[in-house]
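In what follows, a structure is listed as structure tokens, so that the remarks can point back to it.
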Amino acid sequence: MSAGRVRRFAASVRVPLPAEVVADYVLDWSNDPQWRAQVRRFTCEPPGRAVPGQILWEELGFAGLTFRTRTVVGRTSPLSASYDGGSGAVLVTGTRRVSPLDEGRSEVTTTTHIRLVGALRPFAPVLTPSYRRADRADLLALPGVLAEHLSRRDDRVRP
């Protein structure tokens, strides 16, 4: 990201599930509308878990505005992925990382660098802190949403 002020924020949440299970969910961006309240629509090309070069199309509603961004997945590992992209209104880079903890638990950490551009640039001091709060709230809700997702998946598998 070039000129203009970049706002960086990071957040983590612990999840009472193994890192591999959590990574399968959070590194498949098509799950985002289930756990990120502002995401209206998300498409991954190709579909599925993050791979280098994967294109992510996100439609997000925030502060009465609609943001449509094209983002590209960069480096990936079994437990992490980076991304870079944006639109005419916002530029964004970041990472999602799942770290294994003891006793089958894990921690999800998201790091986001965001820069509002164009007509929205002057509103960055107001919009960015609000987005940071919403992003943090979404991450805190992730353990419950993930448990519900796995429960529904398990119900479909049972005879």
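All of these numbers come straight from a predicted model, not from anything done at the bench. Just so you know, these numbers use all the heavy atoms, side chains as well, and skip hydrogens, waters and symmetry mates. The first residue of the sequence shown is numbered 1, and numbering continues consecutively from there.
- For the side chain to side chain contact (heavy atoms under 4.5 Å, CB included) criterion with Gln54, the lone passing option out of Thr71, Val73, Val72 is Val73.
- Interatomic distance, CD of Glu107 versus CZ of Arg97, reported as 7.5 Å (0.5 Å rounding).
- The line from CD of Glu58 to OG of Ser87 is 10.0 Å long, rounded to the nearest 0.5 Å.
- Note on Val51 and Val22: separate hydrophobic clusters, where clusters join Ile, Leu, Val, Met, Phe, Trp and Tyr whose side-chain heavy atoms are under 4.5 Å apart, directly or indirectly.
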Distance-only check: which donor-acceptor pairs under 3.5 Å involve side-chain atoms of residues 124-133, not counting sequence neighbours?
| residue | atom | partner | partner atom | Å |
| --- | --- | --- | --- | --- |
| Thr128 | OG1 | Ala124 | O | 3.0 |
| Ser130 | OG | Val126 | O | 3.3 |
| Ser130 | OG | Arg133 | NH2 | 3.2 |
| Tyr131 | OH | Arg36 | NH2 | 3.2 |

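- Taking 4.5 Å as the limit, some side-chain heavy atom of Ser30 sits within range of a side-chain heavy atom of Cys44.
- Side-chain contact check for Ser82 versus Arg75: some heavy-atom pair is nearer than 4.5 Å.
- Ring orientation note: the planes of Tyr83 and Trp29 are nearly perpendicular, at an angle over 60° on the 30°/60° scale.
- Pairing each heavy atom of Ala23 with each of Leu79, the nearest pair is CB-CD2, 3.8 Å.
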Between Thr76 and Leu27, is a side-chain contact (heavy atoms from CB on, under 4.5 Å) present by the stated rule, with each step listed? CA-CA 9 Å; Thr76 64; Leu27 297 180; over 6 Å; no
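- Residues Ala19 and Ser99 share a closest heavy-atom pair of CB-C, 4.3 Å.
- The shortest distance between side-chain heavy atoms of Tyr25 and Leu142 falls below 4.5 Å.
- Here Leu139 contributes atom CG and Thr109 contributes atom OG1; the two are 8.0 Å apart, rounded to the nearest 0.5 Å.
- Side-chain atoms of Trp57 and Arg41, non-hydrogen and from C-beta on, never get closer than 4.5 Å to each other.
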Would you sort out whether Asp32 and Arg96 count as a salt bridge (charged side-chain N to carboxylate O under 4.0 Å, His left out), showing the intermediate values? CA-CA 12 Å; Asp32 279 24; Arg96 288 184 181 180; 2.6 Å; yes
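- When Leu60, Leu65, Ile114 are each tested for a side chain to side chain contact (heavy atoms under 4.5 Å, CB included) with Val90, only one passes: Ile114.
- Minimum heavy-atom separation, Pro143 to Pro16: CB-CD, 4.4 Å.
- At a threshold of 4.5 Å between non-hydrogen side-chain atoms, the residues Thr66 and Arg40 count as touching.
- Placement of Phe123 and Phe9 within a single hydrophobic cluster is found when ILVMFWY residues are connected by side-chain heavy-atom separations under 4.5 Å, directly or transitively.
- In this structure, the side chains of His113 and Arg7 stay at 4.5 Å or more apart for every pair of heavy atoms.
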Checking side-chain contact (heavy atoms from CB on, under 4.5 Å) for the pair Leu146/Trp35: CA distance, chi angles, key distance, verdict? CA-CA 8 Å; Leu146 183 51; Trp35 67 279; over 6 Å; no
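- Placement of Val21 and Leu101 in two distinct hydrophobic clusters is found when ILVMFWY residues are connected by side-chain heavy-atom separations under 4.5 Å, directly or transitively.
- The heavy-atom pair separating Thr111 from Arg8 by the smallest distance is CG2-NH2, 3.7 Å.
- In this structure, CD on Gln34 lies 12.5 Å from CG on Asp138, to the nearest 0.5 angstrom.
- Taking all atoms of both residues into account, the shortest heavy-atom contact from Ser106 to Val98 is CB-CG1, 3.9 Å.
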Check the pair Asn31, Phe42 against side-chain contact (heavy atoms from CB on, under 4.5 Å), reporting the backbone distance first and the verdict last. CA-CA 8 Å; Asn31 291 319; Phe42 214 108; over 6 Å; no
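- In terms of heavy-atom proximity, Ser12 sits nearest to Arg136 at O-NH1, 2.8 Å.
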